[in-house]
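Heads up: the structure comes next, in structure tokens.
These figures come from a predicted structure and were not determined experimentally.
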Amino acid sequence: GHVTFLLADTAYTTPTLIISISADSLTGQDRTVTFKPSSGVNTTVTANSTNPVFIVANSYVTIDGSNTVNGTTRNLTIENTNAGASAGVAFFSNSAYSTVKNIVGAALSSAAGYGIVFSGSTYGKILNNEIKRTVLGIQLQSLSNFTEIEGNHIGATADADKIQNIGIAVLSTTNFEVKNNFISGLLRTATSSTAGIVLGIAVTGDPLNDGNINNNLITLSKKRYFL
């Protein structure tokens, strides 16, 4: 049946914490796995790891940061305090029907790590998250087809919490949807560029089609753009 891991403590800290759901885990449509805070609990998961805090290589896995049933509050913060480029918050690989929603994700600084990456993962959902203090906010890659990115807040007002490089990137993916996201607080040196939303291909000949991008608000240099 379905399994839910309830985070009952207000803080989980370890130098090398990695929560890994491997490809041999027996998940399925009637055997989903969910991580979320217990009712009324605000919790922070902190790791100092060169790898992402959550590594998911199986399907039907949900990370839900709300401490209420079907809620939209962000009561779970996931931080990776390692300075490495791969020190991410959550990485989904070859997963299907998995979801990350209602979390606050952050790295050590705007020059380290990333927020949420789906790689070769289909029918995913990245919903209502706040991603700050990373190089990259959210990325789809390697045919993460039929995945939805909606209602996320990427960036921050304070310089220390801004995104350095890209808010949302979609690479070599089809049938994606990017909508109703707020991308703000991008900051980089004067000699380098930043981007709110990037579309591209990783390898010549890869597909990038049938996507829907609408109603995203991007603020750069005190200017507002809707895309």
Exercise for review: Using a 4.5 Å cut-off on heavy atoms from C-beta on, say whether the side chain of T173 contacts that of Q141.
Suggested key: no
Check your understanding: Where the side chain of T62 meets the backbone of T34, is there a donor-acceptor pair that is under 3.5 Å apart?
Key -> no
Exercise for review: For residues I149 and L127, determine if any side-chain heavy atom of one lies less than 4.5 Å from a side-chain heavy atom of the other.
Suggested key: no
Review point. Taking all atoms of both residues into account, what is the closest heavy-atom pair of A8 and S38, and its distance?
Key: CA-OG, 3.5 Å
Point to revise | Qualifying side chain to side chain donor-acceptor pair (under 3.5 Å) pairs with a residue from residues 201-213, counting only residues at least two apart or across chains | key: S172-D206, E177-N212, N212-N214
Review point. Same cluster or not: are V53 and V33 linked, directly or through other Ile, Leu, Val, Met, Phe, Trp or Tyr residues, by side-chain heavy atoms under 4.5 angstrom apart?
Key: yes
Practice item. Could you tell me which non-hydrogen atom of K179 sits nearest to which non-hydrogen atom of E148, and how far apart they are? Key: CE-OE2, 4.0 Å
Review point. Which value, rounded to the nearest 0.5 Å, describes the distance between N94 atom CG and S142 atom OG?
Key: 8.5 Å
Practice item. Report yes if some heavy atom in the side chain of T99 is under 4.5 Å from a heavy atom in the side chain of I63; otherwise report no. Key: no
Exercise for review: Taking T134 for its side chain and S110 for its backbone only, find out whether a donor-acceptor pair lies under 3.5 Å.
Suggested key: no
Check your understanding: Any side-chain heavy atom of I126 sitting closer than 4.5 Å to one from L140?
Key -> yes
Check your understanding: Has the side chain of N215 got a donor or acceptor atom that lies under 3.5 Å from a matching backbone atom of F226?
Key -> no
Check your understanding: Tell me, do V89 and I131 make a side-chain contact under 4.5 Å, heavy atoms counted?
Key -> no
Review point. Given Q164 and L187, is the side-chain contact (heavy atoms from CB on, under 4.5 Å) satisfied, shown in steps?
Key: CA-CA 5 Å; Q164 184 188 81; L187 178 67; over 6 Å; no
Review point. About how many Å separate OG of S93 and CD1 of I21, when rounded to the nearest 0.5 Å?
Key: 12.5 Å
Point to revise | Joint cluster assignment, L6 & I78, ILVMFWY side-chain distance < 4.5 Å | key: no
Check your understanding: Does a side-chain heavy-atom distance below 4.5 Å link V3 with T32?
Key -> no
Exercise for review: Indicate yes or no for a side-chain donor-acceptor contact from S86 to the backbone of T50 under 3.5 Å, with no hydrogens or angles considered.
Suggested key: yes
Practice item. Verify, without hydrogens or angle tests, whether N82 (side chain) and N51 (backbone) share a donor-acceptor contact under 3.5 angstrom. Key: no
Review point. Does I218 belong to the same Ile/Leu/Val/Met/Phe/Trp/Tyr cluster as I168, with side-chain heavy atoms less than 4.5 Å apart forming each link?
Key: yes
Study note, to complete from the structure: Smallest heavy-atom separation, A156 atom then K132 atom, equals CB-CB, 4.4 Å
Review point. Going by the side chain to side chain donor-acceptor pair (under 3.5 Å) test, which pairs reach into residues 149-160, not counting sequence neighbours?
Key: N129-N152, E150-N180, N152-N181, H153-S184
Exercise for review: Any chance you could lay out the side-chain contact (heavy atoms from CB on, under 4.5 Å) test for N216 and F182, step after step, and finish with the verdict?
Suggested key: CA-CA 6 Å; N216 300 283; F182 177 36; over 6 Å; no
Review point. Are V45 and E79 close enough that some pair of their side-chain heavy atoms sits under 4.5 Å apart?
Key: no
Review point. Picking from L227, L217, I197, what satisfies side-chain contact (heavy atoms from CB on, under 4.5 Å) with I183?
Key: I197
Check your understanding: With distance as the sole test, does N42 use its side chain to make a donor-acceptor pair with the main-chain N or O of L76 at under 3.5 Å?
Key -> no
Exercise for review: Verify side-chain contact (heavy atoms from CB on, under 4.5 Å) between T77 and I103, making sure each step is shown before the conclusion.
Suggested key: CA-CA 6 Å; T77 298; I103 73 162; over 6 Å; no
Exercise for review: Quick one: name the residues clustered hydrophobically with V135, using the 4.5 Å side-chain heavy-atom rule over I, L, V, M, F, W, Y, and just say none if it's on its own.
Suggested key: none
Check your understanding: Is the backbone of D64 close enough, under 3.5 Å, to the side chain of S66 for a donor and an acceptor to pair up by distance?
Key -> no
Point to revise | Set of ring-ring contact (aromatic ring centres under 6.0 Å, His included) partners for Y60, sequence neighbours left out | key: Y97
Exercise for review: Please report the shortest heavy-atom distance between A112 and A83, naming the atom on each side.
Suggested key: CB-O, 3.6 Å
Exercise for review: Would you check, one step at a time, whether the test side-chain contact (heavy atoms from CB on, under 4.5 Å) holds for I55 with I19?
Suggested key: CA-CA 6 Å; I55 301 175; I19 301 171; over 6 Å; no
Review point. In the hydrophobic clustering (ILVMFWY, side-chain contacts below 4.5 Å, transitive), which residues join F91, or is it alone?
Key: Y114, V117, L136, I166, V198
Revision key, fill the gap. Note: A87 and S49 closest approach over all heavy atoms is CB-O, 3.3 Å
Point to revise | Hphob cluster co-occupancy, Y12 + V41, side-chain heavy atoms under 4.5 angstrom | key: no
Review point. Do any N or O atoms from the side chain of R133 and from the backbone of A107 form a donor-acceptor pair under 3.5 angstrom?
Key: yes
Revision key, fill the gap. By ring-ring contact (aromatic ring centres under 6.0 Å, His included), F35 pairs with (sequence neighbours left out) F5, F54
Revision key, fill the gap. Rounded to the nearest 0.5 Å, the NZ atom of K101 sits from the NZ atom of K36 at a distance of 7.0 Å
Check your understanding: Hey, is the main chain of N145 close enough, under 3.5 Å, to the side chain of T174 for a donor-acceptor pair?
Key -> no
Review point. Is the backbone N or O of N75 less than 3.5 Å from a side-chain atom of T73, with the two atoms forming a donor-acceptor pair by type?
Key: no
Review point. In terms of hydrophobic clusters joined by side-chain contacts under 4.5 Å, are F176 and F118 together?
Key: yes
Review point. Do N58 and T27 meet the criterion of a side-chain donor-acceptor pair at a distance under 3.5 Å?
Key: yes
Revision key, fill the gap. Separation between CZ (F92) and OG (S59), nearest 0.5 Å, reads 10.5 Å
Review point. Just how far is it from atom OG1 of T81 to atom CG of L108, taken to the nearest 0.5 Å?
Key: 6.5 Å
Review point. Quick one: are T44 and V104 in side-chain contact, heavy atoms under 4.5 Å?
Key: no
